[in-house]
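Letters A, B, ... are given to chains in the order of the sequence lines, protein chains preceding strands, and every chain is numbered from 1.
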There are 2 protein chains.
Amino acid sequence: MKRTAGSSDAAALSGAEPSAHGGIQSLDSALALLQILAAMSRPASVSELARAGAMTTSKAHRYLASFINAGLVMQRHRSGRYELGKGALDLGLAAMARDNLINRAADRLEDIVDATGAAALVAIWGPHGPTVVRWERTASFVVTPLALGTVMPVLNSATGRVFLAFGPQRMVWSLAEAQLARARELKLSWPDLEPTVESARALVERVRTSGYSSVDGRFIPGLKAISAPILNWQGEAEAVLTITTGDEGLLEQNGPALDLLIATCRELSALAPQ
Amino acid sequence: MKRTAGSSDAAALSGAEPSAHGGIQSLDSALALLQILAAMSRPASVSELARAGAMTTSKAHRYLASFINAGLVMQRHRSGRYELGKGALDLGLAAMARDNLINRAADRLEDIVDATGAAALVAIWGPHGPTVVRWERTASFVVTPLALGTVMPVLNSATGRVFLAFGPQRMVWSLAEAQLARARELKLSWPDLEPTVESARALVERVRTSGYSSVDGRFIPGLKAISAPILNWQGEAEAVLTITTGDEGLLEQNGPALDLLIATCRELSALAPQ
DNA sequence: CATTAAGTTGCACATTATGCAATAATCATT
DNA sequence: AATGATTATTGCATAATGTGCAACTTAATG
């Protein structure tokens, strides 16, 4: 392990340059690599990871070996690509179990589903965008896979739009701008949104003014959704609550489902931490 | 770092005892401590953690300092108790997103499109039938019937036929029977399908036997498509993967595109949740 | 305020993390 | 199927830092 060239005489004599925060240097390096892997949208090779982490492949490989041993990372077969493993999921679920805001929101889902006959979900902002962390539905809900971990698009989902208006702005707009660029490249647009920053900002104004967002069957035929934010004390969305249904009448403006959603989010917002 | 008492002479000469799995010893110890913290039901003191992890408080403290620096752990104030931080939640969310079937399938679209020069899509069963939820194409792909939310017909699209054979049967056949009745009313038929239940059942047998479905230019002039199911453990399609192209030669039987499609769906099926 | 217990940090020494090169495995091409 | 190129993995000598101990700091209690 190399010392920095500017080591003081005292440090040189004693043998160790302590890390700036009193931690362990190899652990810091390893955890930086883990974050790089987590940010990747696909399984990665050891050389990709080493390059991205500015380290030798040999070093990256050894860190990955320890992460595999701990269950945080998995590799499909020897010499295969690496991705996050069950241990990472378990760690996240443990962290989530301690998050009072998510748990309070989740506790409301059953009542919402019972009252509306629809499906309802809680999403929070994750490394890849708005991520479903809890959901409930009635047995008759017809859409097949709606699952824990589903990442919603920012621009054309009700959930995503609420994050666009109320979420952590720098991160949200970084992703939104990428999605806008991609849409322009493929010459896409949506019923109420052109793939431009100006159009997206106008959408944000509409969502902020109304305090919720909705998408109707023009986006996914037969599906309608309404979403509202659970705000913290800075007015930023900590989570988003969404009701989604195939029943076109259920989520009408000024209807009971929207009232329930807004009231629930308001109550949960009042309980949010500083 | 202490050697075990039984170190071999060779290891003593070379200086390092490699960890059993080729990883890094201090990283292994640190990750073991993190798991102990995750398993605790409440915030823990450094001495509790050190005791549970059979290490000195000084060692535990330094590991925790690195975890805090990485965001995986937080401490309410100096000398306060330790608990999992936002970074642990983010790691879990990233793992959750990886674990999601639609995201896994979507990740494959780019490779498929690159390999074939065609367009590729993921569809799920929605309220009005097979619904496109993800798609990719090359920028040069000129024919664009695709959009997020496009509902494919059940009887005369490759995607729909795979759902007919492998999808949630009660819902799928309810819609199929309605489309058959409509076709009889309009006196429609298709090159390989009469608008009868018997003919449709024969089609299902063919699709189930081959494990995939294809439609050629007789259905939509200039377009050919092949589809295969991503099956769950009950043998029911959770999603369907489709390659579509205007190049008639590309999707020939026993060709590389079909092989790629089948292999991809097989791999994704193997990863599907219970 | 004094005392005790727990958290945090300096430093000498003990231990292992690391880079480099060799070996093994996988992928692409013919 | 064979071959060459590329990438993943591992042995080992050297470079680097992780660790235990004790001192210092902080927090809690009487």
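Checking side-chain atoms of B:R104 against main-chain N and O of B:R98 turns up a donor-acceptor pair under 3.5 Å. A donor-acceptor distance shorter than 3.5 angstrom exists from the side chain of B:S269 to the backbone of B:L231, with no hydrogens or angles considered.
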Discussion item. Salt bridge (Lys or Arg N to Asp or Glu O under 4.0 Å) for B:R108 and B:E267? Distances and angles first, verdict last.
Written reply: CA-CA 11 Å; B:R108 297 302 191 91; B:E267 285 170 39; 2.5 Å; yes
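Atom pair B:L27:CG and C:dA17:P shows a separation of 9 Å (rounding to whole Å applied). Here the P atom of nucleotide C:dA6 and the CZ atom of B:R51 are 8 Å apart, to the nearest Å. The CG-C1' distance, from A:L49 to D:dT9, rounds to 15 Å in whole Å. In this structure, B:D28 places its CG atom 11 Å from P of D:dT19, rounding to the nearest Å. The CG-C1' distance, from B:L33 to D:dT19, rounds to 15 Å in whole Å.
The side chain of B:S26 contributes an N or O atom lying less than 4.0 Å from OP1 or OP2 of C:dA17. OP1 and OP2 of D:dT7 both lie 4.0 Å or more from every side-chain N or O belonging to A:Y82. Note on A:Q75: a side-chain N or O is less than 4.0 Å away from OP1 or OP2 of D:dT9.
No side-chain donor-acceptor contact under 3.5 Å links A:R170 and A:S174.
Non-hydrogen atoms lying under 4.0 Å from DNA chain C are contributed by A:T56, A:S58, A:K59, A:R62, A:Y63, all within residues 52-65 of chain A.
A:W125 meets the ring pair (Phe, Tyr, Trp, His ring centres under 6.0 Å) test with A:F163; sequence neighbours excluded.
Salt-bridge formation is not detected for the pair A:K86/B:D99: no Lys NZ or Arg NE/NH1/NH2 atom is positioned less than 4.0 Å from an Asp or Glu carboxylate oxygen.
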